[in-house]
Structures are given as C-alpha cells and as structure tokens.
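Letters go in sequence order (proteins before strands), and every chain restarts at 1.
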Amino acid sequence: MNVRRLSVDPLAAARRLLGAVLVGRGVSAVVVEVEAYGGPDHGSWPDPASHSYRGPTGRNSVMFGPAGRLYTYRSHGIHICANVVCATDGVAGAVLLRAAKVESGLPVAQRRRGDSVRPVALARGPGNLCSALGITMDDNGIDLFARMSPIRIVLGEQQSVVEGPRVGVSKAADRPWRFCLTGRPEVSLYRRSPRAPAPGESD
DNA sequence: GGTAAGATCAGC
DNA sequence: CTGATCTTACCT
C-alpha cells in the first residue's frame, strides 16, 4: 500500500506528494506545490514554523499520528488549509498542500470558487485548494488512503521538482522546504511573509 | 476570562 | 498594504 511511502521525513514526503492525485467531493486534482513542516525542537526535524513545534495540542494532534491522515486547520478565521501527515505514529510531520491542477469535476470546482476565477487558479493557494475540493474542518483526521474516505489521495511517480523558501511563515522563513513541479502554471507566486525577519537574519 | 497572532486571500 | 473573521494557545 502506498501509504508506507509517506512514513518518511517531511522533505522526502513532500517530494513524493508532488504529482499525486487528490480526489475530493466531485473534483480530482494533481498536486503541483507543497511545503514540508517538521516538529518539536528535540525531535528529528525541529521546525519553529510548524504547528507541532510546541508539542501536541488539541488542534495539532493529528500531526503526531500515523502517516496518510489529513490534517486541516483554519487560517486567519477564514480559510481551511490541508496537510498530509507523514513520518511514523507518534512523530510530528506533515506536508501542506499549496496548489493543484484540477483534472476532473471542473464545473464543480468553478461553482465553489466563483465564475470570475480562471481555471488555472481554481486550486492555487492552500485556502483556495480546499475550497475547490470541498475540504472542511470536519475532514480533519480522516485517512486519505481508505476507500470509504470522502477525500482520498493516490501517489504517483517521482517528478522533476523545484525547491524554494516556504510562503507565509514568519519563522524559519529561509528554509528551502517548498517544492513545486517544474513548469506548472498552477503554482502560486512566492511571497515572503511581511512578518518574517529580513532574509539571512536569525529569528 | 482576556487577548494577540496567525502555514490566507482579494481588493484597493 | 489592508481588512475580513475566528480559533487556539498562552497569559493573568
């Protein structure tokens, strides 16, 4: 089963998730942009920008669970963002799904996102991706590899990948933990967080 | 019990 | 650059 390919560190898992097909509520889409997130300071991948950095809490508990689960959270009170949990059970690690290319169910995605949105931008950005696929907070913790799940994922082959700094994070902003498929127009434009210290500064 | 910050997005 | 909008986590 494919899920074992995600029982690895967040960086390897991120690369393996590029090209995967995400199937959710009438829409399927190919993942074209992701970001890796680690865990607490004394773990294998210390990551101050990760929700799990300060240990398990009510919100982030899914990140500490087994690989292949969906970890959703609400961002700025408005949007939902989706992660695929990686690493082994008890170890925090996840990959944020940042952008995807809608392959089927385009009219459904278009209805969810609004008529003014161009097809290439339907699932561009983590909040928009969840909106296009119909992912909500009720989906937090579901198994993305179970036949019965409303949201599923199918891993693909290794692909040609570009790496760069993560978007939006105010800590560890220089870390090249963002990965994109090369030459995909659905990838979101890079924007450094206005709250992040200047490039090269420590935080 | 109060509150500040936030892995975002769209519109000036 | 800003406002929208709300949950969590941490503080007193």
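Residue A:L129 contributes atom CG, which lies 14 Å from atom C1' of B:dC9 at whole-angstrom precision. Between the CD atom of A:E33 and the C1' atom of B:dT8 there is a distance of 13 Å, given to the nearest Å. Between A:I78 atom CD1 and B:dG11 atom P the separation is 13 Å, expressed in whole Å. As a whole-Å value, the separation of A:I80 CD1 from B:dG6 P is 19 Å. In this structure, A:D115 places its CG atom 15 Å from P of B:dA10, rounding to the nearest Å. The interatomic distance linking A:D138 (CG) with C:dT7 (P) rounds to 13 Å, in whole Å. Atom CZ in A:R166 sits about 11 Å away from atom P in B:dT8, given to the nearest Å. A:K171 has its NZ atom 11 Å from the P atom of B:dA5, to the nearest Å.
As judged by a 4.0 angstrom heavy-atom cut-off over every strand, A:M63 is placed among the base-contacting residues. When heavy atoms are screened at a 4.0 angstrom cut-off, A:R191 is found touching no nucleic acid atom at all. Note on A:N128: only backbone sugar-phosphate atoms sit closer than 4.0 angstrom, heavy atoms only; bases stay farther off. Residue contacts shown for A:S193 are absent, as no nucleic acid heavy atom lies under 4.0 Å away.
A sub-4.0 Å separation between OP1 or OP2 of B:dG6 and a side-chain N or O of A:R195 is present. OP1 or OP2 of B:dT8 has not a single side-chain nitrogen or oxygen of A:R74 nearer than 4.0 Å.
Set against B:dT8, B:dA10, B:dA7, the side chain of A:R113 has B:dA10 as its closest nucleotide. For A:Y73, taking side-chain heavy atoms from C-beta onward, the closest of the listed nucleotides B:dA7, B:dC9, C:dT8 is B:dA7. Of the candidate nucleotides C:dT8, B:dA7, C:dC10, C:dC10 has the atom lying nearest to any side-chain atom of A:R54. With C:dT8, B:dT8, C:dT5 as the candidates, the nucleotide lying closest to the side chain of A:S75 is B:dT8.
If you find the closest nucleotide of DNA chain B to A:R124 and to A:S170, the one lying nearer the 5' end belongs to A:S170. Comparing A:H79 and A:M137 by the nucleotide of DNA chain C that holds the closest heavy atom to each, the one mapping nearer the 5' end is A:H79.
Heavy-atom contacts from other residues, nucleotides or ligands closer than 6.0 Å to CE of A:M148 number 12 or fewer.
In terms of heavy atoms, A:V91 sits closest to A:A87 at O-CB, 3.8 Å.
Seen from the ring of A:Y71, A:R59 does not count as a face-on cation partner, given the 6.0 Å and 45° thresholds.
With ring centers used as reference points, A:Y37 lies 6.0 Å or more from A:H51.
Nucleotide B:dT3 has C:dA9 as its partner under the Watson-Crick or G-U criteria, with both atom distances under 3.5 Å.
Look at A:H76 and the base of B:dT8; the rings stack, centres closer than 5.5 Å and planes less than 30° apart.
Between A:S28 and A:S104, the side chains place a donor N or O and an acceptor N or O closer than 3.5 Å (distance only, hydrogens not considered).
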* To do: Give the intermediate values and the outcome of side-chain contact (heavy atoms from CB on, under 4.5 Å) for residues A:L6 and A:V84.
  => CA-CA 9 Å; A:L6 295 181; A:V84 178; 3.6 Å; yes
